[in-house]
Amino acid sequence: MLGLNTKNIGRKVIYFQEIDSTNEYAKRIALDEEEGTIIVADTQKSGYGRKFRMWASPRGGLWMSVILKPKTTPDHIVKIVFLGAIAVVETLERFGIDARIKWPNDVLVNEKKICGILAEGSFSEREVYYIVLGIGLNVNNPIPEELLSTSTSISNVLGVQIPIEEIFRTIVERLEYWYEEFLRGNDEKILQKWREKALLKRDVKVIREEGEIRGKALDIDELGALILELEDGRKEKILYGDVSLRFE
């Protein structure tokens with residue numbers, strides 16, 4: 001019925017009209033489910049992003065999580081976030097929308113957030129047992145008036161509503177393509193594609209528990225850490241999970 005043109009991701013799709021969180025459900029079942037299983041819901045009651053910030057998930061948006069079980073080490077997990085971002089950007093391009101990635105996990109259109117991506121999982125120091133890749137994309141859902149200056153949706157950008165099934169199919173197909181590149185070890189191809197679609201060379205403010213620092217977001221390294229040029233010319237690597245990033 002979904003017409004997915006994939007071999008692995010999406011062979012099994014678990015659908016809910018309403019759920020607490022697709023990521024939380026995926027984590028509960030991940031060890032017993034096959035790789036590529038997708039959980040998707042019309043609405044989430046307790047959707048969240050990084051650092052468990054609330055993510056509003058009303059009807060009309062695409063709220064999904066994918067269970068992945070790559071044979072890799074935890075220091076490569078941020079690349080899974082990058083795969084999700086690239087898949088979303090390429091999907092938006094198919095519908096005529098120019099989107100950009102803000103490190104590490106947001107997709108922006110006209111510098112407004114349209115999608116958030118979250119990777120969680122279970123792993124040891126040397127082994128990944130599973131990764132749950134969550135994607136929350138504003139499609140046809142209304143954006144609250146107080147968020148219109150910072151958030152947008154596909155329907156807001158295009159002026160028409162797009163069938164969510166079409167968006168879902170395209171994201172899953174693009175995600176499988178890039179995940180296969182990851183499994184083949186084509187990391188540089190992934191990182192280069194991310195760079196092409198990312199907002200770099202921008203002045204940013206990095207918010208960490210120990211305080212704020214300002215600089216220019218120059219690049220990412222081979223593991224996906226952000227390379228920041230500080231105001232005094234020194235360079236510092238910012239690791240995924242440590243920070244919030246704000247454009248200056």
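All values below come from the heavy atoms of this structure, side chains included, with hydrogens, waters and symmetry mates left out. We're numbering straight along the sequence, starting at 1.
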Any salt bridge between [X] and [Y], counting N to O under 4.0 Å?
{"X": "R184", "Y": "E180", "value": "yes"}
{"X": "E93", "Y": "R174", "value": "no"}
{"X": "R195", "Y": "D219", "value": "yes"}
{"X": "R169", "Y": "E166", "value": "no"}
{"X": "R202", "Y": "E111", "value": "yes"}
{"X": "K235", "Y": "D221", "value": "no"}

Expected output: side-chain [X] to main-chain [Y] donor-acceptor under 3.5 Å:
{"X": "N105", "Y": "I117", "answer": "yes"}
{"X": "E176", "Y": "K7", "answer": "yes"}
{"X": "N110", "Y": "K112", "answer": "no"}
{"X": "K79", "Y": "E222", "answer": "yes"}
{"X": "W103", "Y": "G224", "answer": "yes"}
{"X": "K69", "Y": "A30", "answer": "yes"}
{"X": "D42", "Y": "R59", "answer": "no"}
{"X": "N156", "Y": "I154", "answer": "no"}

(request) Would you check if there is a donor-acceptor pair between the side chains of T91 and T170 at a distance under 3.5 Å? (result)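 Distance-only check fails for T170 and T91.
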(message) Side chains of T73 and D75 only: does a donor on one sit below 3.5 Å from an acceptor on the other?
(response)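 T73 vs D75: donor-acceptor pair found between side chains.
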(request) May I have the step-by-step check of side-chain contact (heavy atoms from CB on, under 4.5 Å) for E120 and I131, ending in yes or no? (result) CA-CA 6 Å; E120 302 180 283; I131 295 170; over 6 Å; no
(request) Output, in order, the C-alpha distance, side-chain angles, deciding distance and verdict of side-chain contact (heavy atoms from CB on, under 4.5 Å) for I171 and V88. (result) CA-CA 6 Å; I171 285 179; V88 169; 4.2 Å; yes
(request) Please say which of V172, V13, L133, N23 ends up in a side-chain contact (heavy atoms from CB on, under 4.5 Å) with M64. (result)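 Result for side-chain contact (heavy atoms from CB on, under 4.5 Å) with M64: V172.
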(request) Using a cut-off of 6.0 Å, state whether more than 12 heavy atoms not belonging to N5 lie near its atom CG. (result)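 At most 12 heavy atoms, drawn from other residues, nucleotides or ligands, come within 6.0 Å of this atom.
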(request) For atom CD of Q17, decide whether the heavy atoms of other residues, nucleotides or ligands shown that lie under 6.0 angstrom number more than 12. (result)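 Open.
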(request) Give the C-alpha distance, both sets of side-chain angles, the deciding distance and a yes or no for side-chain contact (heavy atoms from CB on, under 4.5 Å) between F82 and I101. (result) CA-CA 9 Å; F82 289 180; I101 304 166; over 6 Å; no
